[in-house]
*Asks:* 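One structure coming up, written as structure tokens, with questions to follow.
Keep in mind the model is a prediction, meaning the values are calculated, not measured. Index from 1, following the sequence.
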Amino acid sequence: MKSAKRLPTGPLLGLAGILGFLLTWELIPRLGVVNPRFLPPASEVLGVFINNLGLGAFWAAVVDTMTGWFLGLLIATVAAVVLGLVIGSSNFLRKATNSTIEFLRPIPSVALIPLAVLLFGFRIESTLLLVVYASFWQVLIQVLYGVADVDPVANNTAKSFGLGRLARIRYVVWPTTLPYLMTGVRLAAAVALILAITASLIIGSPGLGKEIANAQSGGAIAQMYALVLTTGVLGILINMGMRVIERRTLSWHSSVRGEVVV
């Protein structure tokens with residue numbers, strides 16, 4: 001009996017996709033489809049990217065961006081969890097705040113850039129304001145969904161056994177809400193990085209966005225693309241890290257235990 005052919009695994013397919021993208025990028029300017037002045041070949045950009053790894057100024061910009069990302073995500077997550085549990089646990093508060101949440105949530109964070117500049121100038125606090133605002137809603141909505149998904153029978157049973165509000169939150173509400181929370185944090189992590197870079201790019205606060213703007217205005221096109229490539233690498237690393245944290249945090253949950261490990 002012939003054995004079935006083994007298909008490439010996820011990581012191999014991902015690597016093949018990256019190599020295909022880089023090859024396409026390399027060929028487009030070399031074949032004259034796009035002027036190499038505006039889109040340098042991938043090999044040239046990768047050379048600049050590797051050279052940046054040895055520069056202190058490059059790592060300082062990375063640290064500034066990741067500092068805004070981490071602090072903003074942390075503040076947004078803590079605030080969203082606390083408010084989400086409080087609002088979600090009360091039908092009155094849920095109904096009273098629903099219209100306000102639906103009004104504020106769609107407002108783009110970039111619309112707050114003038115306010116951020118007026119309040120904090122070009123410091124990192126401006127970045128934090130935008131990151132916190134954008135990330136907060138991602139987590140809050142998921143926490144509210146999680147609290148609403150709590151089994152009323154389990155909640156009433158806990159009440160009948162004499163568990164107080166805090167005990168019910170710990171043993172009944174929290175386990176149900178945690179998978180929703182992790183989803184919200186993973187989504188918020190990506191949004192936080194986007195806003196950290198956007199704020200730096202537009203406002204001029206310290207970070208990779210400011211360096212991208214400086215490279216563009218100075219005509220260092222290859223350097224500009226290398227910095228853009230850096231933001232993509234950071235996004236991949238953050239997504240991978242958040243998935244690892246999610247799997248470990250929810251190792252007891254059926255959604256994780258049911259995953260097939262290849």
*Asks:* Among pairs that include at least one residue of residues 91-130, which meet ring pair (Phe, Tyr, Trp, His ring centres under 6.0 Å), considering only residues two or more places apart or in two chains?
*Replies:* none

*Asks:* Can you name the side-chain contact (heavy atoms from CB on, under 4.5 Å) partners of Asn91, sequence neighbours left out?
*Replies:*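 Residues passing side-chain contact (heavy atoms from CB on, under 4.5 Å) with Asn91: none at all.
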
*Asks:* Output the rest of the hydrophobic cluster of Leu166: all Ile, Leu, Val, Met, Phe, Trp and Tyr residues reachable through side-chain heavy-atom contacts under 4.5 Å, sorted by chain and number.
*Replies:*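 None; Leu166 is a cluster of one.
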
*Asks:* Evaluate side chain to side chain contact (heavy atoms under 4.5 Å, CB included) for Ile101 paired with Ile141, printing each intermediate quantity in order.
*Replies:* CA-CA 9 Å; Ile101 291 174; Ile141 297 301; 3.9 Å; yes

*Asks:* Determine whether Ile28 and Leu31 fall in the same hydrophobic cluster, where Ile, Leu, Val, Met, Phe, Trp and Tyr are linked whenever their side-chain heavy atoms lie under 4.5 Å apart.
*Replies:* yes

*Asks:* Going by side chain to side chain donor-acceptor pair (under 3.5 Å), name the residues that satisfy it together with Ser43, two or more places apart in sequence or in a different chain.
*Replies:*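 Side chain to side chain donor-acceptor pair (under 3.5 Å) list for Ser43, sorted by chain: Glu26, Arg30.
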
*Asks:* Please give me the minimum heavy-atom distance between Pro206 and Asp64, naming the atom from each residue.
*Replies:* CB-OD2, 3.4 Å

*Asks:* Taking atom CG of Leu22 and atom CG of Leu27, what is their separation to the nearest 0.5 Å?
*Replies:* 11.0 Å

*Asks:* Identify the two heavy atoms, one from Leu55 and one from Asn51, that lie closest to each other, and give their separation to 0.1 Å.
*Replies:* CG-O, 3.7 Å

*Asks:* Has Ser217 got a side-chain atom pairing as donor or acceptor with Asn214's backbone, closer than 3.5 angstrom?
*Replies:* yes

*Asks:* May I ask whether Phe21 and Ile18 are part of the same hydrophobic cluster, defined by side-chain heavy atoms of I, L, V, M, F, W, Y residues being less than 4.5 angstrom apart, directly or through others?
*Replies:*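 The answer is yes; both residues are in one hydrophobic cluster.
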
*Asks:* Does any N or O in the side chain of Thr177 come within less than 3.5 Å of the main-chain N or O of Trp174, such that one atom is a donor and the other an acceptor?
*Replies:*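 Not at all, since once roles are kept as given, no pair shorter than 3.5 Å links the two residues.
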
*Asks:* Show which residues join Met240 in its hydrophobic cluster (side-chain heavy-atom contacts under 4.5 Å, direct or indirect), or state none.
*Replies:*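 Ile236, listed by chain and number.
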
*Asks:* Which heavy atom of Leu39 sits nearest a heavy atom of Val34, and at what distance?
*Replies:*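 Nearest heavy atoms, Leu39 then Val34: CB-CG1, 3.8 Å.
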
*Asks:* Please list all pairs meeting salt bridge (Lys or Arg N to Asp or Glu O under 4.0 Å) that have one or both residues in residues 107-128, counting only residues at least two apart or in different chains.
*Replies:*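 Pairs touching residues 107-128 that pass the test: Arg123-Glu125.
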
*Asks:* Hey, could you give me each pair passing ring pair (Phe, Tyr, Trp, His ring centres under 6.0 Å) that has a residue in residues 44-80? Not counting sequence neighbours.
*Replies:*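 Qualifying pairs, neighbours excluded: none.
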
*Asks:* Count I, L, V, M, F, W, Y as connected when their side-chain heavy atoms are under 4.5 Å apart, and connections chain through other members. Are Leu53 and Met66 then in the same cluster?
*Replies:* yes

*Asks:* Which atom pair, heavy atoms only, marks the closest approach of Ile203 to Ala116?
*Replies:*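 Scanning both residues completely, I find the closest heavy atoms to be CD1-CB, 4.4 Å.
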
*Asks:* Taking the side chain as every heavy atom from C-beta outward, state whether Asp151 and Thr176 have any atom pair closer than 4.5 Å.
*Replies:*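 No, their side chains stay 4.5 Å or more apart.
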
*Asks:* Report all side-chain donor-acceptor pairs from residues 132-140 shorter than 3.5 Å, counting only partners two or more places apart or in another chain.
*Replies:*
from: Tyr133; atom 1: OH; to: Leu104; atom 2: O; distance (Å): 2.6
from: Ser135; atom 1: OG; to: Val131; atom 2: O; distance (Å): 2.9
from: Trp137; atom 1: NE1; to: Tyr133; atom 2: O; distance (Å): 3.3

*Asks:* Once rounded to the nearest 0.5 Å, what's the spacing between atom CG of Leu19 and atom CG of Leu15?
*Replies:* 4.5 Å

*Asks:* Arg105: which residues meet the salt bridge (charged side-chain N to carboxylate O under 4.0 Å, His left out) condition with it, sequence neighbours left out?
*Replies:* Glu102

*Asks:* Apply side-chain contact (heavy atoms from CB on, under 4.5 Å) to Ala61 and list each qualifying residue two or more places apart in sequence or on a separate chain.
*Replies:*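 side-chain contact (heavy atoms from CB on, under 4.5 Å) list for Ala61, sorted by chain: Leu208, Glu211.
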
*Asks:* Return all side-chain donor-acceptor pairs below 3.5 angstrom for residues 222-234, not counting sequence neighbours, or 'none' if the list is empty.
*Replies:*
from: Gln223; atom 1: OE1; to: Asn52; atom 2: ND2; distance (Å): 2.9
from: Tyr225; atom 1: OH; to: Phe38; atom 2: O; distance (Å): 2.8
from: Thr230; atom 1: OG1; to: Ala226; atom 2: O; distance (Å): 2.9
from: Thr231; atom 1: OG1; to: Val228; atom 2: O; distance (Å): 2.4

*Asks:* Side-chain heavy atoms nearer than 4.5 Å, only ILVMFWY residues, links allowed to pass through others: does that put Leu118 and Leu112 together?
*Replies:* no

*Asks:* Tell me the closest heavy-atom pair linking Leu93 and Thr97, and the distance in Å.
*Replies:* O-OG1, 2.7 Å

*Asks:* Any chain of hydrophobic side-chain contacts (each under 4.5 Å) joining Leu74 to Ile124?
*Replies:* no

*Asks:* Anything under 3.5 Å between a donor and an acceptor, one on a side chain of residues 178-202, the other on a protein residue two or more places apart or in another chain? List them.
*Replies:*
from: Tyr180; atom 1: OH; to: Asp149; atom 2: OD2; distance (Å): 3.0
from: Thr183; atom 1: OG1; to: Pro179; atom 2: O; distance (Å): 3.1
from: Arg186; atom 1: NE; to: Glu246; atom 2: OE1; distance (Å): 2.9
from: Thr198; atom 1: OG1; to: Ile194; atom 2: O; distance (Å): 2.7
from: Ser200; atom 1: OG; to: Ser205; atom 2: O; distance (Å): 2.7
from: Ser200; atom 1: OG; to: Gly209; atom 2: N; distance (Å): 3.3
from: Ser200; atom 1: OG; to: Lys210; atom 2: N; distance (Å): 2.8

